[in-house]
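Only one structure is covered here, and it is reproduced in the block below.
No experiment lies behind these values; they were computed from the predicted model shown. Letters go in sequence order (proteins before strands), and every chain restarts at 1.
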2 protein chains.
Amino acid sequence: MSQKIFVSAKEVAERAGVSRSAVSRTFTPGASVSKETRRRVMEAAEALGYHVNHLARGLMRNESGIVCLIVSEMDTPYRATLIRAISRHLQNASKIAMLINTDRSDASVDEALKLAISYRADASIVLSGMPDKSITDLCVKSGQRLVLINRDEERAGALMINLRDQEAARRAFIAFQRAGCRSFAFANSDVGTPSLMAREEGFCAAGREFGVDVTVERFGPTRYQSGVVLAQRLLTREVRPDAIFCVNDLLACGVMDTARHQFRLAVPDDLCVVGFDDIEQSSWSSYQLTTFAQPVDRIAEEAVSWLSQPMTDDGQFCRMTADLVWRKSVRGG
Amino acid sequence: MSQKIFVSAKEVAERAGVSRSAVSRTFTPGASVSKETRRRVMEAAEALGYHVNHLARGLMRNESGIVCLIVSEMDTPYRATLIRAISRHLQNASKIAMLINTDRSDASVDEALKLAISYRADASIVLSGMPDKSITDLCVKSGQRLVLINRDEERAGALMINLRDQEAARRAFIAFQRAGCRSFAFANSDVGTPSLMAREEGFCAAGREFGVDVTVERFGPTRYQSGVVLAQRLLTREVRPDAIFCVNDLLACGVMDTARHQFRLAVPDDLCVVGFDDIEQSSWSSYQLTTFAQPVDRIAEEAVSWLSQPMTDDGQFCRMTADLVWRKSVRGG
DNA sequence: CAAACCTTTGCACACGGTTGCAAGAGCGGG
DNA sequence: CCCGCTCTTGCAACCGTGTGCAAAGGTTTG
């Protein structure tokens, strides 16, 4: 590894003919520096290419400005969009995102949080997996903020942002009913995350409420290929469903494609489909998928703004509504 | 902002009844510590929840372990995939990704690099935009590594990873010709990034080589919606093209959807389409797009492995080939 | 048994900033 | 002219860690 030689405040001070403190004060908003001193410092800093060392500053101030994003499968459209929104809001709040990939295993979420502690991150935002309670307790005890998005399980001291999944699922059911559907199915992944299960339960509960049977099929991760498999299973059943609520859009795209190309079914005439997330692809003219929109920007805003609020000892819940975006994968609308 | 109170090596030392140096040595691979001391330190550290402060360590070692990824529109499929691959490789190399969003403006790339300097990042990887030479010079002078992916312009001391765009474009042309196409078009965005322009030039050059006219249309960013507009423009021309090479897959999806749904053309029978990137959506059965695959994983691997190699003064080029993935948007194959 | 050697350990300084404190400068009012 | 006030500035201590150096202790060798 080659030697790094960044310019330090000392060098700037020497060139400007002032003390190191003066340099520090020049770059500290609200500190007491005369106009003339500031000018000379800035000039020297400019000439030397000086930039405050955030590591050292973070060490002193006990505030690194770093916020860790803990994510797996970050190239998934919904996740990528959320990451983008959060990073934008963080930047507006003069903070910076550190990205930790937890693709390897579930245990790596714990590793990720330890890393966040090592870098003395001001906060961690968990988008995937669920960290062990002992770790989250350590975070909170150390004064690190913690945000859990769509994780559902409770953690003391953390902000938990969730959607009203069950309510949305019920709305999907009613939409299908209004479209005149008779045979209902739910296409789920088999990962069993609480928020995904809540959608399933909400849909089944609506079925019971209206006295209608709901077929449930679960397979694979929440991806396109799982949708393909699920469609193959559901559409070869004795009574073929004419309404499928998919646990997310990616999977719904797989379902739609398979229904159309492999089973020669017309959407929405032969089969109605509703998804969840409202990823960009859902609006493409091949899909025109009716789906529930995750309020991505509001989630990001809420998470980031909470970071600068005073800390409370117990956790805090934030439930948001996913609005139904009507397109063309359900009749009527 | 609430006070953070992380446990320090001093506290661990006190509890374990050793000096602070012993604690530091315990967590420094290769340092000289007796088995017994290490055991007692580890025990105390475990009990207190101690984690080495990477800010302080980075300050001392002059090596933060941080690598900045500078990206705009990071929710784009290709970008998101690349980010994921890089973050995975970085993690394997015991480094960590810092994500800097440059959506705002081109100047923000410079701001991003300054931020990277402030955090004393070991390296910066630029995926979007082109930083000013004065900034990249400062980076290199400071001993920070710099990787430019698909940026094309040269910068001293940096690693530049590019694809053989022109060669790929020529291959696309030949594929169209073999499929019996007569009227060729290139659908480009109007952002004019060198690598995008290279694809256009390569395609046009092939046209000249074979004595065939090539229609070029440029519009908007490299996104789906631009593809929609470009298809509308191209397919209403007096001589309708029966072969369109799209500057990237996202745009190609827009072109295909518009050709099929708005112009009722069959792909590949009435119109052949080739894209670039090989994003996941290209393999979906609605598209089955023939396209050039970016060697995402190899790019990530190359970039990360270069970071741990000794520094050379002048820049280094790395040109990779984008392989053609045959699917069903071109006849024959 | 002494000398030479190796391992382990603590001290003290360094890294690059921030900040409380006190001293100095400048200035107006009585 | 002196007192008191405000503004500015340098000194020095501190944040949490790594590491060269020397001393201490233990072990091997002759």
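- Checked against C:dG16, D:dT8, C:dT9, the side chain of A:Met60 finds its nearest nucleotide in C:dG16.
- Taking the six-membered ring for Trp and the full ring otherwise, the centers of A:Phe6 and A:Tyr50 sit at least 6.0 Å from each other.
- Look at CD on B:Glu63: it is 17 Å from P on D:dT17, rounded to the nearest Å.
- One can place NZ of B:Lys4 at 16 Å from P of D:dC15, the figure rounded to the nearest angstrom.
- At a cut-off of 3.5 angstrom, counting only N and O atoms as typed in the model, there is no donor on one side facing an acceptor on the other between the side-chain of B:Arg120 and the base of C:dG17.
- The residue among B:Arg25 and B:His51 whose nearest nucleotide of DNA chain D is located toward the 5' end is B:His51.
- When the nucleotides C:dT19, D:dG16, C:dG17 are ranked by their closest atom to the side chain of B:Ala56, D:dG16 comes out on top.
- With a 4.5 Å cut-off on side-chain heavy atoms, A:Leu127 and A:Ile83 count as touching.
- Counting atom types as modelled, B:Ser21 pairs a side-chain N or O with a base atom of C:dC11 as donor and acceptor under 3.5 Å.
- Checked by distance alone, B:Arg20 brings a side-chain donor or acceptor within 3.5 Å of a matching partner on the base of D:dT17.
- Among the atoms of the strands shown, none is found under 4.0 Å from any heavy atom of A:Arg38.
- Distance A:Ile5 CD1 to C:dC15 P: 15 Å, rounded to the nearest Å.
- Between B:Leu55 atom CG and D:dG18 atom P there is a gap of 12 Å when expressed in whole angstrom units.
- At the phosphate of C:dT9, neither OP1 nor OP2 sits under 4.0 Å from any side-chain N or O atom of B:Ser19.
- For the pair B:Ser24 and D:dT17, the criterion of a side-chain N or O lying under 4.0 Å from OP1 or OP2 is not met.
- A 6.0 Å sphere centred on CE of A:Met42 holds no more than 12 heavy atoms belonging to other residues, nucleotides or ligands.
- Comparing C:dT18, D:dT9, C:dG17 by their nearest atom to the side chain of A:Val33 picks out D:dT9.
- Between the side chains of B:Ser21 and B:Ser24, no donor-acceptor pair of N or O atoms lies under 3.5 Å.
- Distances shown here put every side-chain N or O of A:Ser34 at or beyond 4.0 Å from the OP1 or OP2 atom of D:dT8.
- Put simply, B:Tyr119 has no side-chain N or O that comes within less than 4.0 Å of OP1 or OP2 on C:dG16.
- Using modelled atom types, one side-chain atom of A:Asp122 and one backbone atom of A:Ser64 make a donor-acceptor pair closer than 3.5 Å.
- Per the geometry, CD1 belonging to B:Ile117 stands 15 Å off P belonging to C:dG16, to the nearest Å.
- As rounded to whole Å, 13 Å separates atom P of C:dC11 from atom NZ of B:Lys10.
- At whole-Å resolution of the value, CZ in A:Phe27 and P in C:dG17 are 9 Å apart.
- Of the listed nucleotides (D:dC21, C:dT18, C:dA12), C:dT18 has the atom at the smallest distance from the side chain of A:Arg57.
- Remark: the backbone N or O of B:Ala9 is not paired with any side-chain donor or acceptor of B:Arg20 at under 3.5 angstrom.
- Side chain of A:Leu59, nearest nucleotide from C:dG16, D:dA12, D:dT17: C:dG16.
- Taking every side-chain heavy atom of B:Arg61 into account, D:dG18 is the closest of D:dG18, C:dC11, C:dT18.
- Atom pair B:Asn62:CG and D:dT19:P shows a separation of 11 Å (rounding to whole Å applied).
- Contacts of B:Ser8 with the nucleic acid, taken as non-hydrogen atoms under 4.0 Å apart, involve only primed sugar atoms and P, OP1 or OP2.
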